[in-house]
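Presented below is the structure to which this report refers.
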Amino acid sequence: MRSVLRQVAIRALWAIATLIFTSILVFTATQLMPGNVAQLILGQFASPEAITALEVRLGLDRPAIVQFGSWFGGIIRGDFGVSPRMEVPIAPILIQRLGHSLVLAGLSLCLVALIGITLGTIAALRRGRALDRVLTGASLVGISMPEFVTGSLLILFFAGILPVSGFAPPQEGLWRWLSHLVLPVLSLTFIMLAHVMRTARVSMIEALGSPYVRTAVLKGLPKRTVVLKHALRNALLPTVTVIGINVGYLIGGVVVVELVFSYPGLGRLTVFAVQNRDIPLIQACTLTMAGIYILASFTTDMIYLALNPRLRAE
Amino acid sequence: MDAAADRRTRRADLGLRLGIIALGVVLVLVFAAPMLLPFDAETMSADAILSPPDVRHWLGTDHLGRDVFARTVLGGRSTLALAVAATALGVGIGASVGMVAGYKAGLIDNLLMRTSDAVMALPSLVLAMLVMVAVGSGPAAILLAIVLIFAPRAARITRSVVLNVARLDFVAAASVVGESQTSVLVREILPNVWPNILVEACLRFSYAILLISALGYLGIGIQPPTPDWGLMISEGAAYITAAPWMIFGPALGIVLAVISVNIVGDGLQERIGARLRRTTAHV
Amino acid sequence: MSDALLSIENLWVKYRQGLSAVAAVQGVSLTLAAGEIVGVVGESGSGKSSIGYAVMGHLGGAGHASGMLKFDGIDLLRMDEAGWARLRGRRMGMVYQEPQSALNPAYTIGEQIAEGLRYHMGLSRQAAHGRAVEWLERVHLPDPHAIYRRFPHQLSGGQLQRAVIAMAFATEPQLVIMDEPTTGLDVTTQARILDLVADLRDRTRVGILYVSHDLRVVADLCERVIVMHRGLVVEEGPAVKVLTRPTASYTKRLVASIPDLHRRRTLLRDNTGDGEGAVCVRELPLVPQERRAAPTLLQTRGLGRTYQSHGRATVACKEVTIDVRAGESVALIGESGSGKTTVAKCVLGLERPSRGEILLDGAPLPASVHDRPPALRRRIQIVFQNPDGSLNGRRTVRQTLRRPLLIHCRARTTEEADGLSAELLASVDLPQAYLDRYPHELSGGEKQRVAIARALGAEPDLIVCDEPVSALDVSVQATVLDLCRRLQAERGLAFLFITHDLGVVRQIAERAVVMLEGSICHIGSVDSLFAADAHPYVKNLIASIPGRRFGARRPPEVPVA
C-alpha cells in the first residue's frame with residue numbers, strides 16, 4: 001500500500017514539474033515571436049509614443065524573467081490576463097471554450113476506447129479470417145485519413161441532414177445539442193479508433209497465445225471466461241497506454257475538427273490567437289492544452305497502476 | 001511453425017511489396033509528373049473557374065481557375081520532400097541520442113530522457129503551433145517543429161530497444177573479447193536496433209505527412225499561393241457543395257501517400273516481429 | 001489392460017508445416033493405471049511433450065493426433081468441446097514447465113485456484129476460498145492465507161510450481177499431466193517438489209504422466225518409464241532397470257552422458273555428432289593431476305557487491321576470496337541467488353565490485369572491462385549459459401570469430417583471420433563450412449562451441465564458463481564438457497566453471513568453491529564435497545541430486561591419493 005502511495009506521489013510531482021517546464025517553454029516561445037507586439041496591436045501607422053505607452057501598459061518593457069513571474073503568478077491565481085485583440089479578460093472565455101472542447105473530446109475518447117477495444121478483440125479472435133481482414137483493412141484506411149479530410153467528406157454527405165457547423169448549448173434541447181456534436185465526434189473518432197483497434201488486436205493476439213491463457217483453457221474454463229477474464233485483462237495494459245498517448249493526438253484533432261465544423265471550442269480559439277498574434281491568448285490556450293494532456297497522462301498512469309499488480313506490489 | 005503463421009508471413013511480405021509499389025507510384029506521380037503537366041499550378045484562368053473534372057482538367061479547377069490535378073501533384077512534391085527530410089532528421093537525431101542514452105545509462109541517460117519526456121508532454125500540434133509562433137511559418141519552421149516532435153519519441157523507442165539488446169550476453173562477450181564501447185555500439189547493438197528504427201521512421205513519415213497537411217489546413221503551415229494539400233482542402237471547404245472536386249484531389253493525395261507508407265511500415269514490422277509473433281492462439 | 005486409467009495405442013501426432021507435415025510422435029503406446037506414475041523421457045525434439053498435450057486435446061491449430069487415446073474408457077480423439085469442458089480441469093489436470101508464465105499475472109494465486117473450484121465443483125465463493133487455502137497448505141506453502149492474496153510475480157519459482165500443482169490437484173482429478181515441472185528450478189527445490197508429487201500421488205491415487213528430459217528424476221519418481229527419441233519409443237520398462245541396465249543403444253548413450261557424481265568419464269571423440277552411434281565410454285582417473293606447483297593466475301580478495309534499489313540494499317555477494325592457479329579448473333557452485341554469477345561478472349569487469357579487488361598475476365585489475373587494456377582483457381574470456389543469447393543473431397560465425405583475432409593482432413588481414421577462424425572451428429570440432437552460418441542455423445551445442453571458439457580466439461589464460469551446459473541436452477552436454485577438458489589439457493587453459501550441477505563439477509573440476517546466499521561456505525578439492533565433515537548445505541545439495549535410487553547402489557569411491 002505504501003508503495004502505491006509512493007508511486008502516485010512520484011507521478012503527481014512529476015506531472016507538476018512537467019507543467020512548470022511546459023509553461024516556461026510556452027512563455028519562451030511567445031517571447032521569441034518576431035515583430036514588436038505593441039506595433040502588431042496598434043497597426044503599422046501607430047506613433048512611436050503610442051507604442052511605448054502600450055508597452056508600458058502591457059508591462060512589455062520589463063525584463064523577461066519579471067514578465068514570466070507575473071504571468072505565472074497570475075495563472076496560479078486563475079488570471080490569464082487580458083486579450084489585446086478581443087479586449088476582454090481571457091479566463092472566462094477560456095473556461096467556456098474549454099468546456100465545449102472537453103465535451104467533444106470526452107465523447108470521442110469514450111467511443112474510441114469502447115468500440116476500439118471491442119473491435120480489436122473481435123478481430124483477434126477471428127485472426128486471419130475474413131472479418132479480421134476487413135477490420136484490419138478498414139483500420140489501415142482509418143489511420144490514413146486525417147480529421148479534416150474525414151470531416152470535409154462528412155459535410156459533403158450529411159449537409160442538410162445534420163448541422164455541419166456551430167454549436168447549440170444543451171439548454172436548447174438535448175437533440176439540438178447532440179446533433180451538433182455528431183459529425184465532429186465522428187471525424188475525431190475515425191482516425192483514433194483505427195489506432196486503438198490495431199493496438200487492442202495485437203495485444204489481444206499476444207495474450208491469446210500466452211501460456212497463462214493456455215492454462216485457463218486447460219483448466220476447462222468456458223471460452224467467455226478465458227477471453228474476457230484472462231486474455232482481455234492483460235491485453236488492456238498496452239491498449240490503455242496507447243489510448244493515453246492518443247489523448248495528445250486527440251487535442252490536435254480537436255483543434256482541426258473545431259475549425260472544420262466552426263465549433264466554438266478551445267482549438268478554434270487557439271487558431272484565432274495564433275493567426276492574430278494575440279500573445280496572452282496564445283499562452284493561455286497552449287498552456288491549457290498542455291495541462292490537459294499532462295493530466296491525461298497522469299490519469300493513464302493511474303489506470304495502468306490499477307490494472308497492473310506488478311507495479312502495485314512491493 | 002504452423003501453416004497459419006506461414007501464410008501470415010507470406011501475406012505480410014506480399015503487403016510489404018504492394019506497399020512499396022504503391023509508394024513508388026505516388027512518388028513517381030508527384031516528382032515526375034509535373035514535367036509532363038499541360039498546366040502550371042499557379043496559372044489562373046478566368047474562363048475555367050470551379051469547372052468540374054473533364055478531359056482537360058482531370059480533377060477540375062478551383063475558385064481561381066487553377067488546375068486541381070497540377071496543384072495536387074505539386075503540393076504533394078513539397079509535402080513529401082518536407083516529410084522525408086523532417087522524418088530523417090527527427091528520427092535520425094532521436095535514434096542517435098537514444099542509442100547513446102541506452103548504452104551509457106546513468107546520468108546522461110537520465111538527463112536526456114527527462115528532457116524528452118518534458119518535450120513529449122506537449123501535444124504534437126500544440127508544439128508545432130508554438131514553433132510557428134516563435135519562428136514564423138514556412139518550410140524551415142515546419143521542419144524544426146517536426147524534428148522537435150519526432151526526436152524525443154524516437155529517442156525513447158531506440159533507448160528501450162538498446163536497453164533490451166545491451167543486456168544480452170553477446171554484447172558482454174564482445175566487450176570481454178576486446179571491443180571498444182563505440183565498436184560494441186556499432187557492430188553489436190546497431191544491427192539489432194536498426195530494424196526497429198526503420199519501422200519507427202516509416203510510421204513517423206506517414207504522421208509527418210498528416211502533420212504538414214494539418215498545419216496547412218489550419219493556415220499556419222505552408223502559405224498561399226504555394227500549393228499544399230492541407231491548404232487546398234481548407235480553400236475547398238468554402239465551395240464544398242458547389243465544387244467538391246476541389247478537395248478530392250488533395251484528399252486522395254494524402255490518403256494514398258499515407259496508406260502506402262503505412263502498408264510498408266506494417267510489412268516491415270510484421271517481418272521483424274515474425275520470429276517473435278509466430279504464436280498460435282490457445283482459444 | 002482393461003483397468004487402465006489412460007491407454008494410448010499407436011498414437012501419432014503430426015504438425016502441419018507449410019504444405020507438408022512433421023510427425024512429432026510416431027506410433028507411441030502406453031498405459032497408465034490410477035495411482036501410478038509413468039515417466040516419458042527424451043531430449044528436445046523427441047516428441048515427449050506432444051503426448052501430454054495430445055491427451056489434453058490441445059495441440060494448437062496445426063497439430064493433429066491419430067491412433068487411439070482413451071481416458072477412463074472415453075475416446076479422447078472423438079471428443080467435442082462440451083465433452084472437453086467436462087474433462088479438462090475437472091478430471092484431468094496439468095502442471096507446466098515455467099510456472100512463471102503459466103499463471104495469469106493479473107490475478108492472485110488464490111483467485112486462480114478458486115476459479116476452477118467454483119466453476120467445476122460448484123462451490124460458493126467462500127467455500128472455494130477455503131478449499132484453495134487448504135490446498136495451498138497441502139502443497140506445503142508457508143502462510144497459505146497470505147499466499148492466497150499474492151500475485152504470481154511475488155513468489156519464487158518453486159513456490160509458483162507448488163501453487164500450480166495445488167491448482168491441478170484441487171479439483172480432485174483422476175489424471176494429472178506434468179510437463180517438465182521442475183526444469184529450471186534449483187536442485188534442492190526440485191527435490192522437494194518431487195517429494196511433494198510422490199506424496200500427493202500416495203494420498204490421492206491420481207494417475208500421473210510425468211514428462212521430463214532428466215532420466216534421474218524420472219527414475220526416482222516413476223514406476224515405469226518410456227524413453228523417446230525422435231518421435232519413437234526406443235525403450236520402456238521399470239524405471240530402475242532402464243536406468244541401470246539399458247538395452248537400446250540410445251538409452252545407453254543417454255545414461256552414459258549423465259554426469260556422474262562419483263566417476264569421471266569421457267565419451268570418445270567419434271560421438272561429437274548428434275547422438276547416434278555406439279557408446280564409447282572411457283573412465284578417467286578420479287582425481288586429476290595436482291597443480292599445487294602452478295603459479296596463481298587469478299585472485300579475488302574480499303570481493304563484495306551490493307545493489308541499491310529504492311533505498312534498500314541487496315547483498316549479491318560478500319567477502320569472496322578465490323584463487324585460480326594457471327591451468328587449473330575451479331568450479332564455483334551455487335543455486336540461483338547464491339551470487340555465483342555476480343562473482344563471475346566482477347571477474348570479467350562486467351559488474352563493478354562494491355568492495356574488494358581482483359588480481360591477475362598479482363596485479364590489480366581495473367574494475368570495468370572498458371578500463372582494461374586489450375592486452376589484459378585478452379587473458380580472461382567468457383562462455384555464457386544461454387546459447388541463444390551468446391551470439392549476435394545478425395552476424396555470421398565468420399564475422400564473430402574474426403573480431404578477437406583482429407583486435408589482438410593475431411591476424412593482420414581478414415583473409416588471415418578467416419584461416420585462423422577455420423582452425424578455431426576445427427579445435428571445437430566444427431567443420432569449416434560453418435563459417436558462413438548465422439546463429440539461428442546452429443543447434444544449441446553448436447552455438448556453445450562457437451562461443452568457446454570465440455573465447456579461444458583471444459588466446460586467453462582463463463575462461464570463465466557461466467553454466468555453459470545447463471541449457472543443453474544431456475548428450476550434447478557431455479560432448480561440450482569433453483571439449484572443455486581437452487582444451488584444458490592441450491592448451492593449459494584455466495577454467496572458472498560456474499555451475500549448480502555437482503555431476504558436472506565432478507567431470508570438469510579439480511577444486512570446488514560452494515557459495516550460499518552470497519558467501520563462500522565451502523572450499524576444497526572436489527572430493528572434499530563428499531567428505532563427512534562437509535558443510536551441511538553441501539550435504540543437502542548432494543542429497544537433493546536426483547538419481548538416488550540407482551546412485552545409492554554405488555558408494556562413493558575412496559579417492560586415490
Side-chain angles (χ1 to χ4, degrees), chain A residues 1-11 117 124-129 132 203-241 303-314, chain C residues 52-53 55-61 81-109 111-121 149-155 160 163-164 167-168 170-171 173 176-177 179 310-312:
Chain A
M1 199 54 216
R2 192 185 305 156
S3 132
V4 178
L5 288 179
R6 202 183 123 95
Q7 295 203 47
V8 173
I10 289 174
R11 280 174 170 80
I117 293 171
L125 286 171
R126 292 257 173 273
R127 186 187 187 188
R129 312 249 196 95
D132 176 30
S203 13
M204 194 65 189
I205 285 175
E206 204 163 296
L208 288 174
S210 70
Y212 56 79
V213 164
R214 181 188 60 196
T215 307
V217 172
L218 294 187
K219 251 160 113 180
L221 299 175
K223 188 167 174 176
R224 204 185 138 76
T225 314
V226 173
V227 172
L228 294 182
K229 184 175 171 186
H230 287 272
L232 186 60
R233 170 69 187 264
N234 288 285
L236 276 180
L237 286 176
T239 313
V240 163
T241 311
I303 296 176
Y304 200 89
L305 200 63
L307 282 177
N308 191 350
R310 262 176 286 198
L311 288 180
R312 247 184 292 140
E314 306 282 304
Chain C
Y53 283 102
V55 172
M56 294 298 286
H58 192 74
L59 291 167
E81 278 304 310
W84 278 120
R86 286 190 297 273
L87 284 186
R88 283 182 190 150
R90 176 68 189 87
R91 299 177 63 191
M92 303 175 6
M94 182 138 186
V95 176
Y96 310 85
Q97 188 176 356
E98 290 179 13
Q100 294 87 340
S101 48
L103 288 169
N104 194 326
Y107 297 101
T108 60
I109 301 290
E111 162 62 21
Q112 295 187 57
I113 298 174
E115 180 182 35
L117 291 169
R118 287 202 307 272
Y119 179 70
H120 287 299
M121 312 189 70
R149 290 189 302 272
R150 294 266 167 83
F151 287 96
H153 71 275
Q154 296 170 304
L155 267 58
L160 281 175
V164 173
M167 194 164 84
T171 49
V176 172
I177 312 275
D179 185 21
H310 299 288
R312 254 175 293 177

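We name chains A, B, ... by the order of the sequence lines, and we start the count at 1 in each one.
Within the 4.5 angstrom heavy-atom criterion, only side-chain atoms of C:Arg118, from C-beta onward, approach chain A. Heavy atoms closer than 4.5 Å to chain A are found in both the backbone and the side chain of C:Met56.
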Residue pair C:Arg88, A:Val217: steps toward the side-chain contact (heavy atoms from CB on, under 4.5 Å) verdict: CA-CA 8 Å; C:Arg88 283 182 190 150; A:Val217 172; 3.7 Å; yes
Pair A:Thr225-C:Glu115, side-chain contact (heavy atoms from CB on, under 4.5 Å): steps then yes or no: CA-CA 10 Å; A:Thr225 314; C:Glu115 180 182 35; 3.8 Å; yes
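Residue C:Ala106 comes nearest to A:Pro309 through the heavy atom pair CA-CG, 3.8 Å, listed as atom of the first residue, atom of the second, then distance. Heavy atoms only, all atoms of each residue included: C:Tyr119 and A:Gly220 are closest at CE2-O, 3.2 Å. The shortest heavy-atom contact between C:Ser101 and A:Pro211 is O-CB, 3.3 Å. Residue A:Leu218 comes nearest to C:Tyr53 through the heavy atom pair CD1-CE2, 4.0 Å, listed as atom of the first residue, atom of the second, then distance.
Proximity of a side-chain donor or acceptor of A:Thr215 to a complementary backbone N or O of C:Ala102 within less than 3.5 Å is detected. Not a single donor-acceptor pair under 3.5 Å links the side chain of A:Lys219 to the backbone N or O of C:Met167.
Note: C:Gln112 leads C:Arg150, C:Arg86, C:Gln112 in heavy-atom pairs under 4.5 Å with chain A. The choice from C:Gly57, C:Gly93, C:Pro105 that makes the most heavy-atom pairs within less than 4.5 Å of chain A is C:Pro105.
Scanning residues 229-238 of chain A against chain C with a 4.5 Å heavy-atom cutoff picks out A:Lys229, A:His230, A:Arg233, A:Asn234, ordered by number.
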